[in-house]
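Values reported hereafter were calculated over all heavy atoms of this structure, with side chains retained and with hydrogens, waters and symmetry mates removed. Throughout, protein chains are lettered first and strands after them, A, B, ... in sequence-line order, and every chain is numbered starting at 1.
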Protein chains: 2
Amino acid sequence: MKSPSLSDDGTPVEPKYSETALRILEAAERLFVELGLEATSLRLITQQAGVNLAAVNYHFRSKAALFEAVFARRFEPWARECLRELGRLEARASAGTARFDAEAVMMCYVRPALALSKDPARGGALFVRLFSRVLVENHRVLRETLSRDWGHLVTRYSEALGRALPGLSAEEVAWRLHLGFSVMFHAFAGNDILKLFGRSAVSARDPDLIVKHVVPFVLAGMGAVPRAGSSAQ
Amino acid sequence: MKSPSLSDDGTPVEPKYSETALRILEAAERLFVELGLEATSLRLITQQAGVNLAAVNYHFRSKAALFEAVFARRFEPWARECLRELGRLEARASAGTARFDAEAVMMCYVRPALALSKDPARGGALFVRLFSRVLVENHRVLRETLSRDWGHLVTRYSEALGRALPGLSAEEVAWRLHLGFSVMFHAFAGNDILKLFGRSAVSARDPDLIVKHVVPFVLAGMGAVPRAGSSAQ
DNA sequence: GTACGTTTAAAACAGACGTTTGAGACGCTG
DNA sequence: CAGCGTCTCAAACGTCTGTTTTAAACGTAC
């Protein structure tokens, strides 16, 4: 997942994929989400994509490289949208047309996540699930790439939340960022622990419904007063 | 994962494992967490356990059955402790010696999770991570078993939270249960999305520290006032 | 028309996988 | 000591894996 080159107007140039490569990407994305990286064979991918087996190694060097391509195709546009949101918030706060509070920072994540979840053309909710697989499966290569090329994304959110919650220690801000993003991330990914027991009463697949419930929850959590005796007071 | 038989005094009888079977269970637990089910080969497990390859199929019928045994060995004692906690809370609330509020219900989950995380003899934090892999990998067999044998565990928590938050609609209670347990579960499992970017400032591996920060966060979220216009008001 | 780079096709590669086999070792009971 | 169930061991089974190879088809430029 190397950083894509930029065209003259600064918008990223998406690598051009051939018809065959695109069919592979789409079948692979669906199967990686449903079965995981290891359990998905190239033969199953090419069969569902209706292409030849060797096409994978021709268009994408290897299975691992295919996985990275699948991930990068969805992740990079989304991450850039998050950065744009943060930039817009800072600009409007400087201009005095917006409050720089926890809700505003949170919405810089919620809006891109919601837009992504509702847009099948960009992978929709499927990619968010793939992302959560990456998280728990802890792919080494992808972790290195995310850390190297996109670590500043987290840094930006961290600084923004610190500015939105003045008076809190850096440690306390880090924890609220951690917990807040955990809920939101897993809520959008549909990782419902209660559903595993077949007893979840929420239909956690509707993105708008997720936002409606997760936003007040996280806002309340982020604004929580630290417990008495907390070292992070 | 069939329900274990009960001895005369009602305490569950843990299946007796031979020395070899135990070595397999322990090596498998560690490797399943680190590599996942598919990526962990029986040859690697038996090699690290210092036993013969065929011992796995002798002691545990198949690889899938081994995985279920690994999971059940840790899960069942923990789930029973959760049920005991809920029972104790109900008893003390009836006796008037305890308040039946959201915090009390939440602690019925936090205490067992904390105790488990700090006890290496019961799998410690390792098992919680394994559990979270089960969640996103969505193993069919395990899901069926959890739903059939342990669905009532979730029902109990759900009823308890509904009782602790009177005046809220069932849908609203379900969402707060879902979101609250999501944070707690993934916090204990150490599924830190920020860490994936190498920029997490929290050392989310210390169970006591997790509790200290996650409890106020979740309590605030669960007590959050629903947004205006919410259908779940 | 012919040469060329690009893409597809079928087949084969070596290796790893989960599982099974059959023989032998061990510890008990009579 | 003999008999027997429990367990271990090395070897092999057939299947599936990611990858490579070889040949053929395609569109385009000379």
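- C:dC17 atom C1' lies 15 Å from atom CD of B:Q47, rounded to whole Å.
- A salt bridge (Lys or Arg N to Asp or Glu O under 4.0 Å) check over residues 36-57 of chain A, counting only residues at least two apart or in different chains, returns nothing.
- Rounded to an integer number of Å, the gap from B:I45 CD1 to C:dT19 C1' is 14 Å.
- Rounding to whole angstrom units, CZ of residue A:R23 and C1' of C:dA9 are separated by 15 Å.
- Partner of B:V33 under the side-chain contact (heavy atoms from CB on, under 4.5 Å) criterion, out of B:L126, B:V70, B:T40: B:L126 alone.
- Computed from coordinates, the A:F60 CZ to D:dT19 P distance equals 13 Å when rounded to whole Å.
- Remark: C1' of C:dA10 and CZ of A:R43 are 12 Å apart, rounded to the nearest angstrom.
- When ring centroids are compared, A:W78 and A:F127 stay outside the 6.0 Å threshold.
- At a non-hydrogen distance threshold of 4.0 Å, B:T40, B:S41, B:L42 from residues 30-42 of chain B come into contact with DNA chain C.
- With sequence neighbours left out, A:S200 forms a side-chain hydrogen bond (donor to acceptor under 3.5 Å, both in side chains) with A:D192.
- A:L53 has its CG atom 12 Å from the C1' atom of D:dC16, to the nearest Å.
- Listed by first and then second residue, the side-chain hydrogen bond (donor to acceptor under 3.5 Å, both in side chains) pairs that reach into residues 109-124 of chain A are A:E81-A:R122, A:E85-A:R111, A:K118-A:D208, A:D119-A:R122, sequence neighbours excluded.
- Within the structure, side-chain hydrogen bond (donor to acceptor under 3.5 Å, both in side chains) pairs that include any residue of residues 126-141 of chain B comprise B:S132-B:N191, B:R133-B:E137, B:E137-B:H139, B:N138-B:R143, B:R140-B:E144 (at least two apart or interchain).
- Within the structure, every pair that satisfies the ring pair (Phe, Tyr, Trp, His ring centres under 6.0 Å) test and touches residues 19-47 of chain A, not counting sequence neighbours, is listed here: A:F32-A:F67.
- Summarising the geometry, the separation between CZ on A:R61 and P on D:dT19 is reported as 10 Å, rounded to the nearest angstrom.
- Taking the side-chain hydrogen bond (donor to acceptor under 3.5 Å, both in side chains) definition, one finds that B:Q48 meets it with B:R30, sequence neighbours left out.
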Using a cutoff of under 3.5 Å, can you pull out all pairs of nitrogen or oxygen atoms linking the protein to nucleotides 5-9 of chain D, with atom names and distances?
unit_1	atom_1	unit_2	atom_2	d
D:dC7	OP2	B:Y58	OH	3.3
D:dT8	OP1	B:T20	OG1	2.0
D:dT8	OP2	B:H59	NE2	2.8

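- Here C:dC17 presents its P atom at 14 Å from CG of B:N57, a figure rounded to the nearest Å.
- Contacts of B:N52 classified as side-chain contact (heavy atoms from CB on, under 4.5 Å), with partners at least two apart in sequence or in another chain: B:A54.
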